[in-house]
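Naming convention: chains lettered A, B, ... in sequence-line order (proteins, then strands); numbering from 1 in each chain.
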Protein chains: 2
Amino acid sequence: MELYRERGFDRTTAAEIAARAGVNERTFFRHFPDKREVLFDGEAELRAALTRAVVDAPAGLEPFEVLLRAFRESARGLEASRPFAEPRWRVVAETPALRERELAKHAWLTEAVVDALRRRGVGAGVADLAARTGWAAYQHAVQVWIDDPAPGLDAHLVRAFDDLRALSSTGSSPADGS
Amino acid sequence: MELYRERGFDRTTAAEIAARAGVNERTFFRHFPDKREVLFDGEAELRAALTRAVVDAPAGLEPFEVLLRAFRESARGLEASRPFAEPRWRVVAETPALRERELAKHAWLTEAVVDALRRRGVGAGVADLAARTGWAAYQHAVQVWIDDPAPGLDAHLVRAFDDLRALSSTGSSPADGS
DNA sequence: TACTTAGTGCCAGTCACTGACACAACCGGG
DNA sequence: CCCGGTTGTGTCAGTGACTGGCACTAAGTA
């Protein structure tokens with residue numbers, strides 16, 4: 001389905017994608033609600049995995065500890081699939097319409113994290129704040145890792161949460177390696 | 001232009017909007033790049049105001065202190081315009097396509113905050129992390145304020161940053177009022 | 001074998017958006 | 001006073017993403 005890489009997303013028609021898949025255009029739209037959705041297929045599994053990781057984390061952990069654990073876990077899968085995922089990132093990054101959809105997916109995943117935290121007994125307000133800011137730190141780590149894969153996503157993730165702690169304590173600013 | 005409220009966004013055609021504005025459909029698309037953009041018009045000013053607030057903040061402040069100041073300042077305008085903004089929220093909230101666009105605008109605003117922080121001499125990595133997580137806390141506060149306006153957005157904002165601090169220090173969880 | 005269900009092709013229609021061309025209003029300087 | 005350029009607009013024709021409706025086929029089930 002990576003006609004997108006050849007001609008770019010905008011210059012690829014739904015009819016072309018369907019033809020490449022040996023199928024009718026109408027049939028294509030029966031499998032995917034729209035043209036963009038093709039690139040965001042695994043998100044449901046990711047959501048489930050994230051939810052599970054949060055819910056199944058050991059009791060007694062603070063919300064951010066739970067989130068860091070869950071993100072590190074899901075990051076393993078992301079790191080393993082980087083070779084396949086990388087060309088997809090490129091297409092998404094250069095196409096505004098796809099970036100919008102990606103952000104929507106992230107909001108959807110964040111909601112899942114909120115729900116999962118609440119299932120652990122975390123209050124609604126704290127769950128929302130923790131999920132939003134934790135997700136932001138996660139995305140920061142992913143972005144840094146995309147630009148500089150050498151240290152590994154896991155290391156970037158741990159560092160992001162450390163830096164966030166340092167930022168929050170109104171004492172000293174963390175050292176900046178970038 | 002609030003035909004959207006009467007018939008909903010999806011059931012309102014660009015031709016209808018243009019007609020209501022006493023103008024041709026083609027002319028409509030010369031003023032707005034697309035149908036959604038109509039509802040996100042002040043964003044450029046908001047971006048400028050946010051950038052200015054961050055850049056002009058007193059020297060010596062920590063990144064989160066700068067952000068909290070800037071957000072509190074921009075929140076004043078938001079609080080004042082709530083009566084006009086509220087119906088708009090409703091339309092956006094119930095229309096997935098508009099929520100996507102809103103998230104894209106937020107990403108755009110976050111980038112502006114990153115740039116503004118960097119202009120203060122904040123390192124690239126810290127600026128990105130602080131802007132993302134700070135923005136997340138801001139959005140959390142706005143959401144809480146939408147659901148419960150009584151305490152004022154400013155109070156919610158201060159509380160969000162306090163709670164974030166409490167969440168980050170791996171000691172105790174903040175009390176949850178929700 | 002008869003009945004249902006899922007997956008597909010085909011057709012016609014709506015609607016967001018775009019490029020091209022033409023026309024009118026205004027604005028500068030000659 | 002007129003003229004060339006800029007700006008804002010209307011009109012038309014076209015592309016392409018989607019949608020509803022109908023018919024057909026293949027597979028599963030009683």
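- Atom pair A:Leu98:CG and D:dA17:P shows a separation of 13 Å (rounding to whole Å applied).
- By the 30° and 60° cut-offs, the orientation of the rings of B:Phe71 relative to B:Phe161 is tilted.
- When the P atom of D:dT19 is taken as reference, atom CZ of A:Arg30 falls 12 Å away, rounded to whole Å.
- B:Phe32 has its CZ atom 18 Å from the C1' atom of C:dT18, to the nearest Å.
- Along DNA chain D, the nucleotide nearest to B:Asn24 and the one nearest to A:Arg26 differ in position, and the one closer to the 5' end is contacted by B:Asn24.
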Worksheet entry | Criterion salt bridge (charged side-chain N to carboxylate O under 4.0 Å, His left out) on B:Glu16 and B:Arg11, from CA distance to verdict | CA-CA 10 Å; B:Glu16 288 169 340; B:Arg11 263 177 289 283; over 6 Å; no
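- At C:dG9, one or more side-chain N or O atoms of A:Thr27 fall inside 4.0 Å of OP1 or OP2 (strictly under the cut-off).
- In the set C:dC10, D:dT9, C:dA16, C:dA16 carries the atom at the smallest distance from any side-chain atom of B:Phe29.
- The interatomic distance linking A:Arg36 (CZ) with D:dC18 (P) rounds to 7 Å, in whole Å.
- Between the CG atom of B:Asp10 and the C1' atom of C:dA16 there is a distance of 12 Å, given to the nearest Å.
- In this model, the phosphate group of C:dT8 is approached by a side-chain N or O of A:His31 to a distance below 4.0 Å at OP1 or OP2.
- Between A:Lys105 and A:Glu37, at least one side-chain nitrogen of the basic residue sits less than 4.0 Å from a carboxylate oxygen of the acidic one, meeting the salt-bridge criterion.
- Close to D:dG16, at under 4.0 Å from its OP1 or OP2, lies no side-chain N or O of A:Thr13.
- Spacing between atom CG of A:Asp34 and atom C1' of D:dT19 amounts to 13 Å, rounded to whole angstrom units.
- Side-chain proximity of B:Glu25 to the nucleotides D:dT11, D:dC18, C:dC17 is greatest for C:dC17.
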Worksheet item: Hey, mind stepping through A:Phe28 and A:Val38 against side chain to side chain contact (heavy atoms under 4.5 Å, CB included) and telling me if it holds?
Response: CA-CA 10 Å; A:Phe28 171 80; A:Val38 187; 3.5 Å; yes
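- Spacing between atom CD of A:Glu16 and atom C1' of D:dG16 amounts to 11 Å, rounded to whole angstrom units.
- Checked against D:dA17, D:dT11, C:dA16, the side chain of B:Ala14 finds its nearest nucleotide in C:dA16.
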Practice prompt. Quick one: do A:Tyr138 and A:Ser74 satisfy side-chain hydrogen bond (donor to acceptor under 3.5 Å, both in side chains)? Show the steps, please.
Written response: CA-CA 11 Å; A:Tyr138 178 38; A:Ser74 105; 3.1 Å; yes
